[in-house]
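In listed order, ligands and their atoms are each counted from 1.
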Amino acid sequence: MILEIKTFPSEILREKSEPVTEFNEELHKLLDNMFETMYEAKGIGLAAPQVGVLKRLFVLDDLSGPNNKNPMEIINPEFLVKEGEILEEEGCLSIPGEYAYVKRFMNVKVKYQDRYGNEKVVEASDRLARILQHESDHLEGTLFIDRLTSTKRDTIKKHIKKRMHQGDYQVNE
Ligand code: CO
């Protein structure tokens, strides 16, 4: 099932998400629907708050691997290592059509749980590390525009306003 993706400036995107404690059918359904929604939107990551669910989980696919497919589901993430620095362009399904260069850690190590509650660890760099950081930010109510200078953030906000007037930006509360 395709879920509605909440868009900036929806208030729910600003909330802090709660840890997942039950690894049940309802959780599996949510994860499956989030994958379907992310692929349909041609995104590479989607966090639960973006579909209006304040739980600490996200799905991603950095399109790496032999078949250009690398689906991962990350529940209750915790960063064990964050090091280095890299500046790259970033976007977000909740701020469609807007992009900016964001500084992130180059290498990360993240502890998380899978849909059955098993503990796992992933080490990542570059693009995958960036996705893990971007999606984890969503669980704290943080958006990539919050990581820009106020000047750049204002430019994006003004651009969104202009697009709203032109009917070219849809706000999903
Ligand atoms: Co995002």
Self-check item: K69 charged N/C atom sitting above Y39 aromatic ring, 6.0 Å / 45°
Solution: yes

Quiz item: With respect to M38, which candidate in I44, L3, V59 satisfies the side chain to side chain contact (heavy atoms under 4.5 Å, CB included) definition?
Solution: V59

Practice problem: Give me the one residue out of D114, N118, L27 that meets side chain to side chain contact (heavy atoms under 4.5 Å, CB included) with I75. | Solution: L27

Quiz item: Can you tell me if CD on Q166 sees more than 12 non-hydrogen neighbours from other groups inside 6.0 Å?
Solution: yes

Quiz item: Is the gap between the ring centers of H28 and Y116 under 6.0 Å?
Solution: yes

Practice problem: Answer yes or no: does atom CD of E18 have more than 12 heavy-atom neighbours from other residues, nucleotides or ligands under 6.0 Å? | Solution: no

Exercise. Could you give me a count of protein N/O/S atoms that are under 2.8 Å from the Co ion (ligand 1)?
Key: 3

